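What follows is one structure encoded as structure tokens, with my remarks underneath.
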Amino acid sequence: MSALLDGLQAHARRLDGMPLVRLLQDDPARAREFALRCGPLYASFARQRYDRAALDALFAIAERADLAGALRRLLDGDTVNPTEARPALHSALRGAATGSAFALAARAQALAAQLRMRELIDALAAGPVTDIVSIGIGGSDLGPRLVVDALAKPDARFNVHFISNVDGHAAQRVLASLAPARTAAVMISKTFTTQETLLNGAIVRDWLGDDTRLYAVSTNAARVAEFGIPPERTLPMWDWVGGRYSLWSAVGFPIALALGMQRFEQLLEGAAALDAHAVTAPLRENLPAWHALTAVWNRNGLHAATQAVLPYDERLRLLPAYLQQLVMESLGKRVHLDGREVGIDTVPVWWGGAGTDTQHSFFQALHQGTQVVPVDFIGVLRAEHPFAANHAALLANLLAQSEALANGQDSEDPHRRYPGNRPSTLLLLEALTPQALGMLIALYEHSVYLQSVLWEINAFDQFGVELGKQLAHRLLPAVQGRGGAAAQVHDPVTCALLDELRAGEAPGAA
């Protein structure tokens, strides 16, 4: 496939120097035809720097790579994670499964877990608990945190709070405003060996003073029981769902507590609708395919080193952090599925923030910096607040920034010249409902998977996460000053830094 992607260079060279303004002048129909709608989700690709010929080449690559078949294999439960010999059946958590017996069994397990979630929520709602502390990190934190921040109502039965960082200040800040007698906690860890979660869980367990309000979500029932949480307060996870794809599972227990089980199910329904679109829509009308091909064009055709995601809705302010993990952990790979070195660039650096705040921080670099940064803008048409003038200004800024990045503005003063020609995709939601958010997240999931198919890499393992954690485990005794542990550290820079740590902790140190 690398050779096929190399063919994009000819189109990129042909279009080099062709401004987006000219592309629209030469083909005004693209303003409406380079766009797709899927339920409440509308996507415009009209301001991407490709023309119809380049787009034809991209879809030819999609056909050669059998993206349609790849999507079907994913949802059918085929082994799409070969390095760990697993399927990736996050779709079975949210919709009717087809294909393999394994996929059907996975769907049955998911439904049983949802029933158990409902029972636990009802039991908690009958008691004095008003606050929930969710303890996890990475995929056990970012997805639930995003959805709760985006969709929780002020009058929710439970207020859900999150602790992820091993830094003790995180736990201290969350617990400071809560009352132990009115608080329950859930520890979320696939293996139940995650250092951050176990340390923070121990802090919260001691703070609660009553283990009967401590819950767990994990694949490792034995380790959960050793920690003191019984099976009746433990929800399952499965190795056929990766952490960054797991918010649809019992990892979403904090979501269901914050939103109510009905709205959690609506979130699943939205994602399932996008799944159905992904496997039934022809490639030319397929939103995940178009999004994935655009990402590959920007990375391998235009050689963009970073990608910004800019939600123009305060409720989606955590989406960039969520997508950083989803995209960069999935696509941050340097070898093909067969172990050969990848000969082209894979994932760019994903980053971003919420508009309009970001217009007053890094937009200067987007408009006049030397590097071109493709952007995904995300807007919501209907607000849920009564401040109409604010919402109109927000949407005006969303449209203006997309236009300004694309078209620029000339000036005789070079300091006031905007070069334009900065590509962007604009995604619009009719309203920020659970269904719409479920569709949006599932769109990115499928786009990431299709990019991995085009690059012939594995989107579902994450071995790169492990090395630093292993080193931290080995260094912990030396940091704690255990006798003789420092002598086992051989890296000279680490030895020097350990000396600094010890000097800083000595009595009388500044």
Side-chain angles (χ1 to χ4, degrees), residues 36-43 71-72 74-77 88-99 103-104 106-122 143-153 156-157 160 235 238 240-241 244-281 285-288 291 313 315-316 319 322 326 378 380-382 384 427-449:
L36 293 174
R37 176 177 292 282
C38 181
L41 181 56
Y42 173 86
L71 283 165
R72 173 54 63 190
L74 174 73
L75 271 68
D76 281 351
L89 274 170
H90 41 283
S91 59
L93 300 169
R94 58 208 191 197
T98 59
L104 295 171
R107 179 60 182 160
Q109 293 177 64
L111 290 172
Q114 289 171 26
L115 178 61
R116 183 68 180 131
M117 288 168 63
R118 184 182 293 275
E119 293 170 349
L120 292 177
I121 291 169
D122 290 343
R145 191 188 289 257
L146 162 67
V147 177
V148 170
D149 194 62
L151 297 177
K153 303 288 188 182
R157 172 64 181 82
V160 179
L235 289 163
W238 307 279
W240 40 266
V241 178
R244 58 192 174 278
Y245 298 91
S246 65
L247 69 88
W248 323 101
S249 71
V251 170
F253 188 39
I255 300 174
L257 285 160
L259 307 187
M261 198 64 194
Q262 181 179 10
R263 296 180 76 218
F264 176 70
E265 290 170 347
Q266 291 169 355
L267 180 81
L268 304 184
E269 291 166 4
L274 200 286
D275 293 339
H277 166 82
V279 293
T280 59
E285 301 166 23
N286 192 302
L287 188 49
H291 192 274
D313 192 297
R315 296 167 295 175
L316 293 175
L319 183 63
Y322 172 80
L326 175 66
I378 301 168
V380 179
L381 297 182
R382 295 200 299 273
E384 292 187 31
L427 301 168
L428 289 175
L429 306 178
E430 292 177 1
L432 189 57
T433 62
Q435 294 96 328
L437 183 56
M439 292 189 75
L440 180 67
I441 295 171
L443 162 64
Y444 278 102
E445 287 181 345
H446 288 311
S447 174
V448 164
Y449 170 60

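Basis for what follows: all heavy atoms, side chains included, without hydrogens, waters or symmetry-related copies. The structure presented is a predicted model; accordingly, all values stated were derived computationally and were not measured.
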Check for a donor-acceptor pair, side chain of Ser447 on one end and backbone N or O of Leu443 on the other, with a separation under 3.5 Å.
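Checked: no pair found.
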Got a donor-acceptor contact below 3.5 angstrom from the Arg107 side chain to the Gly95 backbone?
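Looks like yes, one N/O pair under 3.5 Å.
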Nearest heavy-atom pair of [X] and [Y]: which atoms, and what distance?
X: Met261; Y: Gln114; result: CE-O, 3.5 Å
X: Ala150; Y: Leu432; result: O-CD2, 3.9 Å
X: Leu75; Y: Leu89; result: O-CD2, 3.9 Å
X: Ala258; Y: Ala156; result: O-CB, 3.4 Å
X: Ala110; Y: Trp238; result: CA-CH2, 4.0 Å
X: Ile121; Y: Ala256; result: CD1-CB, 3.5 Å

Checking side-chain contact (heavy atoms from CB on, under 4.5 Å) for the pair Trp240/Leu93: CA distance, chi angles, key distance, verdict?
CA-CA 11 Å; Trp240 40 266; Leu93 300 169; 4.0 Å; yes
With a 4.5 Å limit on heavy-atom distance, are the side chains of [X] and [Y] in contact?
X: Arg116; Y: Leu235; value: yes
X: Leu274; Y: Cys38; value: yes
X: Tyr42; Y: Glu430; value: no
X: Met439; Y: His277; value: no
X: His446; Y: Asn286; value: no
X: Val147; Y: Tyr322; value: no

Nearest 0.5 Å please: distance from the [atom1] atom of [X] over to the [atom2] atom of [Y].
X: Asp76; Y: Leu71; atom1: CG; atom2: CG; answer: 10.5 Å
X: Leu440; Y: Ile378; atom1: CG; atom2: CD1; answer: 5.0 Å
X: Ser249; Y: Gln109; atom1: OG; atom2: CD; answer: 11.5 Å
X: Leu429; Y: Leu437; atom1: CG; atom2: CG; answer: 8.0 Å
X: Leu247; Y: Leu267; atom1: CG; atom2: CG; answer: 6.5 Å
X: Leu74; Y: Tyr449; atom1: CG; atom2: OH; answer: 5.0 Å

Please name the residue in the list Leu381, Leu41, Val380 that meets the side chain to side chain contact (heavy atoms under 4.5 Å, CB included) test with Leu428.
Leu381
Of Glu265, Gln262, Glu269, Gln266, which meets side chain to side chain contact (heavy atoms under 4.5 Å, CB included) against Pro434?
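In the set Glu265, Gln262, Glu269, Gln266, the residue that makes a side chain to side chain contact (heavy atoms under 4.5 Å, CB included) with Pro434 is Gln266.
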Show the numbers, then the answer: is there a side-chain contact (heavy atoms from CB on, under 4.5 Å) between Ile441 and Trp248?
CA-CA 11 Å; Ile441 295 171; Trp248 323 101; 3.5 Å; yes
